[in-house]
Number of protein chains: 2
Amino acid sequence: MAESIVSAPASLPAETSLAERFAVWQDLGLDPHHCPVRDVLDHLGDKWTTLIIAVLAGGTRRFGAIQRAIPDISKRMLTQSLRDLERDGLVARRVYPTSPPSVEYSLTPLGETLLAPLAALVAWAERNHPAIRAARTRFLAEA
Amino acid sequence: MAESIVSAPASLPAETSLAERFAVWQDLGLDPHHCPVRDVLDHLGDKWTTLIIAVLAGGTRRFGAIQRAIPDISKRMLTQSLRDLERDGLVARRVYPTSPPSVEYSLTPLGETLLAPLAALVAWAERNHPAIRAARTRFLAEA
DNA sequence: CCGTATCCGGATGGATACTG
DNA sequence: CAGTATCCATCCGGATACGG
C-alpha cells in the first residue's frame, strides 16, 4: 500500500484538548492512516488487549501464565492479541529453545510508556463505574 | 438480571498501578460486572464512540453536524452509538419539537470528566504513532 | 508447553428504503 | 431533519483438533 508522502502533523503539546486535536484529523479527512484514534486506539479497544497489557504491567510472563491470569481467553485469541502487540512494538517475545519450549512476553520500553495514560483511563472507569451502572438502570426504567 | 450483592471494591488511589488494579479484579474472577475494563472500556473501544466524544468535546452539536464531522459514519451507527452513550450517562439528548425537528447532543458533567484521561491517551497515540508504524514495517520485513 | 489449522455461530456494521 | 426498519456481507472470536 505505497504510503502517502503527506507527513503526519507535528505532535501537539500534551495539554491540547480533544476538540482541537479532532480539528487537525478532520483537515486530513479523518484518513485512518493519519488518525491515531482509528489507527492505534481501535486496536487497544478490542476484547483482550487491555487486559493483557494489565497482566504484563506486572512484569515478564510466560504464555501459560497469561492464559491462567485471564481465565476465559482462548489460546487462539491470546496468540493473536500478543502477535498484534508485538507487531506494533508494544510487547517483546522471547523464545527459549528448551524442551518443552518456553516463551516469555514482556512490555517493550514503548509499551511501558503506555501504562501511565492507560492507568489513568482505567482509574476513571473504576471511579465512575457505579455512576455508569446507575445511569443504565435509570435509562432502562424510562423505557 | 438481579444484580449481585457483592459491592465493588472501594476505588483505589489515582496513582495505583495497572498491575495492582488487575490483582483486585482477578480476585473477583474477572467477572465482567466488576471489571471496569470489560464493562466500560470495551464500550469506548468500539468503532465510533471515541470519535463522537471528540466531536462533542467541542460543544453541543446537532445530529447532522456530528454526521458531517465524521464523514464515513452511517445514520444507523451514529444513532446507535449516541444511544449507548446516553444510556451510560455520558451524553445528553435534547429534542426541540420544531418542524422539522432538531435534536442536540452534548456531554453530561460525567462525560466531561472523561475528557482529560481520554485526551491523555489520545496524546500518547499521536506521539507514538510514527514509532508504531515503524514497528509494523519492521515486523513485516521479517516475515 | 506453545502454538497453528479449521470450522462455524453470532455480533458488527454498511446500504438502502421508508417515516413523522 | 432525525431517525427506523430491513436486509445482508463481513469479521470477530469460541470450540475443537492437531503439530513441533
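Naming: A, B, ... by sequence-line order, numbering from 1 per chain.
Distance, B:E86 CD to D:dA2 P: 15 Å, rounded to whole Å. Atom pair B:Q67:CD and D:dT4:C1' shows a separation of 14 Å (rounding to whole Å applied). Per the geometry, CZ belonging to A:R94 stands 15 Å off P belonging to C:dC2, to the nearest Å. Going from atom CE of B:M77 over to atom P of C:dG13 covers 6 Å, rounded to whole Å. If you take CD1 of B:I73 and P of D:dA2, they are 14 Å apart, rounded to a whole angstrom. In this structure, the CG atom of B:L78 is 13 Å from the C1' atom of C:dG13, given to the nearest Å. Distance, A:L82 CG to C:dG3 P: 8 Å, rounded to whole Å.
For the segment residues 41-59 of chain A, the set of residues with a heavy atom within less than 4.0 Å of an atom of DNA chain C is empty.
For B:S74, no side-chain nitrogen or oxygen approaches OP1 or OP2 of C:dG13 to under 4.0 Å. Remark: A:R93 is in phosphate contact with C:dG3, judged by side-chain N or O atoms under 4.0 Å from OP1 or OP2. Neither OP1 nor OP2 of D:dC1 sits under 4.0 Å from any side-chain N or O of B:Y105.
Using a 4.5 Å cut-off on side-chain heavy atoms (C-beta onward), A:L82 and A:W48 make no contact. Residues B:Q80 and B:R76 meet the side-chain proximity criterion, which asks for heavy atoms closer than 4.5 Å. For the pair A:L110 and B:I132, the minimum side-chain heavy-atom distance is below 4.5 Å. Within the 4.5 Å cutoff, side-chain heavy atoms of B:L30 are placed close to those of A:P71.
Exactly one residue among A:R136, A:R138, A:R133 makes a salt bridge (charged side-chain N to carboxylate O under 4.0 Å, His left out) with B:D88. That residue is A:R136.
Between the side chains of B:D39 and A:H129, a donor-acceptor pair is found at a separation under 3.5 Å.
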Which protein N or O atoms sit under 3.5 Å from an N or O of nucleotides 4-6 of chain C?
from: C:dT4; atom 1: OP1; to: A:R83; atom 2: NH2; distance (Å): 3.4

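With hydrogens and angles ignored, the 3.5 Å screen pairs no side-chain donor or acceptor of B:E126 with any backbone N or O of A:L12. Without hydrogens or angle criteria, A:E104 side chain to A:T60 main chain gives no donor-acceptor distance under 3.5 Å. Here the side chain of A:T49 pairs no donor or acceptor atom with the backbone of A:G45 at under 3.5 angstrom.
Across B:R61 and B:V55, no two heavy atoms sit closer than the pair CG-CG1, 4.1 Å. A:Q67 approaches A:S74 most closely through the heavy-atom pair NE2-C, 4.1 Å.
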Counting Watson-Crick and G-U wobble pairs with both distances under 3.5 Å, what is the dot-bracket string for DNA chain D, 5' to 3', using [ ] for crossing pairs and | for pairs to another strand? ||||||||||||||||||.|
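The side chain of B:R62 sits closest to D:dC1 out of D:dG3, C:dC2, D:dC1.
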